[in-house]
Enquirer: 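Okay, here's the structure, questions in a sec.
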Protein chains: 2
Amino acid sequence: MEDIKEKLSPTMEDYLEIISSICKENKVARIGEIAKKMEVRNPSVNAAMKFLCEKELVHHEKYGFVSLTNKGQKIASEIQDKHDVLYKFLTEILWIDKRIADKDACEMEHAISKHTFTRLIKFFKFLEEGLVCCRPKLLQNFETYLKTGERVKCNCKKQE
Amino acid sequence: MEDIKEKLSPTMEDYLEIISSICKENKVARIGEIAKKMEVRNPSVNAAMKFLCEKELVHHEKYGFVSLTNKGQKIASEIQDKHDVLYKFLTEILWIDKRIADKDACEMEHAISKHTFTRLIKFFKFLEEGLVCCRPKLLQNFETYLKTGERVKCNCKKQE
DNA sequence: TATAAATGTTAGTAAAGCCTAACATTTATA
DNA sequence: TATAAATGTTAGGCTTTACTAACATTTATA
C-alpha cells in the first residue's frame with residue numbers, strides 16, 4: 001500500500017535536507033544551527049519543527065535536539081539525490097560554474113519530477129557507457145566550444 | 001542603468017505568462033479567463049492584478065480588460081522562453097513524455113537561472129551543428145536504449 | 001552553587017495567496 | 001428599455017512562513 005503523499009512545500013523539503021546534512025556532521029541538529037543554515041530566526045525553525053513533528057518526519061523535544069525519523073530521512077535523501085543529479089548535469093554536461101550550479105540545483109530539486117530524475121540518471125549511464133569511438137569526446141568538445149567557439153572535429157572516419 | 005529587480009514569485013510569474021498567452025489569442029484578457037487558466041477564483045486574480053498594476057506590469061481598470069505593459073510582456077517572454085527550452089530539453093534529449101515534460105517545465109521555469117538558460121541554448125546549438133560523423137545518432141540512440149536497453153554501435157571507424 | 005551567557009520557546013504580527021459570501025456592474029434578452 | 005444572466009469587485013477569513021519582543025531553560029563560569 002502506498003503512502004497517501006501530501007506533497008511537502010519546498011521550504012519543508014529544505015528543512016529536512018538541512019537537518020539531514022547537519023546530522024551527518026554532528027549526529028544531531030540543534031535549533032540554532034538549523035536556523036543559521038536556513039537563514040531564518042529560531043522561532044521560524046520552532047514552527048517548522050512543530051509541523052514536521054506532526055507529520056512524523058522529525059523527532060524534537062522541548063529544548064532538545066532535532067533528528068530525522070526514518071520517513072524523514074527517506075524524503076531528505078530523495079531530495080539530496082535530486083540535487084546531486086541536477087548538480088552533476090549542470091557542472092559536467094553544461095559546464096556551469098559550481099556556485100551557480102549549486103544555487104540552481106537547490107531551486108530545481110523541488111521542481112523536478114521523479115520521472116525526469118530517473119531519466120537523467122539513465123542519461124548519465126548512457127553517456128558513460130557511450131558510443132564506441134566518439135562518445136567521450138562529445139562533452140569535452142562542448143567545453144572547448146564554450147571557451148573558444150571552435151568545434152573540434154570527430155577523430156574518426158565515416159564508414160560508408 | 002539596471003532595474004533594481006525585485007524578484008517575482010512563481011505565482012506572479014505564472015499570472016504574467018498566462019495573461020500573455022491569452023492576449024496572443026484574444027488580444028486582451030479578462031479576469032474570468034485568467035482565473036480559469038490559473039485554476040483559482042476571481043478574487044484571487046483581482047488581488048494579483050492589484051499587485052501587478054502597482055509593479056507596472058499590467059494594465060487593468062475596474063471591470064475592464066487586462067493587458068501587459070512592455071515591462072510585463074518582457075518578463076512574460078523570458079519565462080516563456082525558459083519554459084520552451086526546458087520543454088525541448090526534456091522531450092528531445094531525455095525523451096520524456098510530453099505531458100510530464102510540460103508539467104516539469106512549468107515548475108522548473110521559475111527555478112532555472114538566466115545563466116543556465118543561455119547555456120542550455122548553447123548546448124542545443126552545439127548538438128545541432130554537432131560532430132561530423134556520429135552526432136546525429138547520439139540522441140536517437142538514447143531513445144533506442146531507453147526502449148530496448150540495446151546500445152546501437154557507432155557506424156564509423158576509429159581513425160587510429 | 002549562584003549568576004551570567006547562550007540557547008530555545010511563546011505570543012503576537014505581517015505578507016502572500018488562496019477561499020467564500022455578498023454586492024456591483026456590464027451585457028444580453030424578453 | 002427593464003430585467004435576467006454573466007461577469008467583476010469588495011470584505012473578511014484562513015494557511016504558510018517569516019518576523020520581533022518578551023520570557024524560559026540550559027550551560028558555563030565566577
Side-chain angles (χ1 to χ4, degrees), chain A residues 5-19 22-23 25-68 72 75-76 79 106-107 109-111, chain B residues 5-19 22-23 25-68 72 75-76 79 106-107 109-111:
Chain A
K5 35 182 135 183
E6 313 163 46
K7 221 179 142 303
L8 286 177
S9 67
T11 302
M12 288 305 155
E13 290 187 350
D14 283 336
Y15 276 110
L16 292 179
E17 212 180 349
I18 276 175
I19 292 165
I22 295 172
C23 288
E25 274 184 44
N26 304 0
K27 303 267 161 76
V28 288
R30 285 176 326 184
I31 295 290
E33 204 171 349
I34 299 168
K36 209 169 287 171
K37 295 221 177 172
M38 282 288 292
E39 298 181 75
V40 299
R41 306 294 186 145
N42 282 1
S44 308
V45 178
N46 264 280
M49 292 314 102
K50 188 166 177 283
F51 176 89
L52 292 173
C53 272
E54 278 161 12
K55 294 270 181 286
E56 298 186 352
L57 299 173
V58 305
H59 300 298
H60 177 227
E61 274 165 50
K62 249 194 179 187
Y63 296 101
F65 295 123
V66 175
S67 60
L68 294 171
I75 295 173
I79 302 160
C106 276
E107 295 287 315
E109 71 196 18
H110 308 295
Chain B
K5 36 184 136 183
E6 314 162 43
K7 222 179 141 308
L8 287 176
S9 67
T11 301
M12 289 305 156
E13 290 188 349
D14 283 337
Y15 276 111
L16 291 179
E17 211 180 351
I18 276 175
I19 293 165
I22 295 173
C23 288
E25 275 185 44
N26 303 0
K27 304 266 160 79
V28 289
R30 287 177 323 185
I31 295 290
E33 205 170 348
I34 299 168
K36 210 168 286 170
K37 293 220 178 169
M38 282 287 295
E39 296 181 76
V40 300
R41 303 300 184 139
N42 282 3
S44 308
V45 178
N46 265 279
M49 292 313 102
K50 187 166 177 285
F51 176 90
L52 293 173
C53 272
E54 278 159 13
K55 294 270 181 285
E56 299 185 351
L57 299 173
V58 305
H59 299 299
H60 178 227
E61 276 166 47
K62 246 193 179 184
Y63 296 102
F65 295 123
V66 175
S67 60
L68 294 172
I75 295 173
I79 301 159
C106 277
E107 295 286 315
E109 69 194 20
H110 308 296

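So you know, we letter chains A, B, ... as the sequences are listed, proteins then strands, and number each from 1.
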Enquirer: Show which side-chain atoms of residues 50-60 of chain A pair as donor or acceptor with protein atoms under 3.5 Å away, not counting sequence neighbours.
Expert:
none

Enquirer: Give the B/S/- string for nucleotides 8-14 of chain C, one per nucleotide from 5' to 3', where a protein heavy atom under 4.0 Å of the base yields B, of only the sugar-phosphate yields S, and otherwise -.
Expert: BBBB---
Enquirer: Determine, stepwise, if the pair Tyr15(B) / Ser9(B) fulfils side chain to side chain contact (heavy atoms under 4.5 Å, CB included).
Expert: CA-CA 10 Å; Tyr15(B) 276 111; Ser9(B) 67; over 6 Å; no
Enquirer: Respond yes when some side-chain nitrogen or oxygen of Arg41(A) is under 4.0 Å from OP1 or OP2 of dT20(D), and no when none is.
Expert: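 Yes, Arg41(A) has a side-chain N/O under 4.0 Å of OP1/OP2 on dT20(D).
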Enquirer: May I ask you to verify if any side-chain N or O of Tyr15(B) is less than 4.0 angstrom from the OP1 or OP2 atom of dA16(C)?
Expert: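 For Tyr15(B), the contact criterion (side-chain N or O under 4.0 Å from OP1 or OP2 of dA16(C)) is not met.
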Enquirer: Supply the atom-to-atom distance Leu68(B) CG to Leu16(B) CG, rounded to the nearest 0.5 angstrom.
Expert: 6.0 Å
Enquirer: What is the distance, to the nearest angstrom, from the CG atom on Leu8(B) to the P atom on dA15(C)?
Expert: 18 Å
Enquirer: Side-chain donor-acceptor contacts of residues 32-40 of chain A below 3.5 Å, not counting sequence neighbours, with atom names and distances?
Expert:
unit_1	atom_1	unit_2	atom_2	d
Glu33(A)	OE1	Asn26(A)	ND2	3.4
Glu33(A)	OE2	Asn26(A)	ND2	3.2

Enquirer: Expressed in angstrom and rounded to an integer, what is the separation of Glu6(A) atom CD from dT15(D) atom C1'?
Expert: 14 Å
Enquirer: In dot-bracket form, 5' to 3', how is DNA chain D paired? Count Watson-Crick and G-U wobble pairs only if both distances fall under 3.5 Å, and write | where the partner sits on another strand.
Expert: ||||||||||||||||||||||||||||||
Enquirer: Tell me, do Asp14(B) and Glu109(B) make a side-chain contact under 4.5 Å, heavy atoms counted?
Expert: yes
Enquirer: Check each residue of residues 50-59 of chain A for a non-hydrogen atom within less than 4.0 Å of any atom in DNA chain D, then write out the ones that pass by number, or none.
Expert: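 Those residues: none at all.
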Enquirer: Excluding sequence neighbours, so at least two apart, what forms side-chain hydrogen bond (donor to acceptor under 3.5 Å, both in side chains) with Glu17(A)?
Expert: none
Enquirer: Roughly how many Å is it from CZ in Phe65(A) to P in dT26(D), rounded to a whole number?
Expert: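 Phe65(A) atom CZ is separated from dT26(D) atom P by 12 Å.
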Enquirer: Evaluate the side-chain proximity of Val28(B) to Val66(B): yes if any heavy-atom separation is below 4.5 Å, no if none is.
Expert: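 No - every pair of side-chain heavy atoms lies 4.5 Å or more apart.
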Enquirer: Let me know the distance between CE of Met38(A) and C1' of dC19(D), rounded to the nearest Å.
Expert: 14 Å
Enquirer: Identify whether any heavy atom of Met12(A) sits under 4.0 Å from a base atom; if not, whether one sits that close to sugar-phosphate; answer base, sugar-phosphate or nothing.
Expert: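 Sugar-phosphate, backbone atoms only, no base.
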Enquirer: In Å, rounded to the nearest 0.5 Å, how long is the span from CD of Glu13(A) to CD1 of Ile75(A)?
Expert: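 Separation between the atoms: 8.0 Å.
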Enquirer: For the CZ atom of Arg30(B) and the CD1 atom of Ile19(B), what is their distance to the nearest 0.5 Å?
Expert: 14.0 Å
Enquirer: Does dC19(C) have OP1 or OP2 sitting under 4.0 Å from an N or O in the side chain of Ser44(B)?
Expert: yes
Enquirer: Locate the shortest heavy-atom distance separating Ser67(B) from Cys23(B); write the atom from each residue and the value.
Expert: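 Nearest heavy atoms, Ser67(B) then Cys23(B): CA-SG, 4.3 Å.
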Enquirer: Check whether any side-chain N or O of Thr11(A) sits under 4.0 Å from OP1 or OP2 of dT16(D), and answer yes or no.
Expert: no
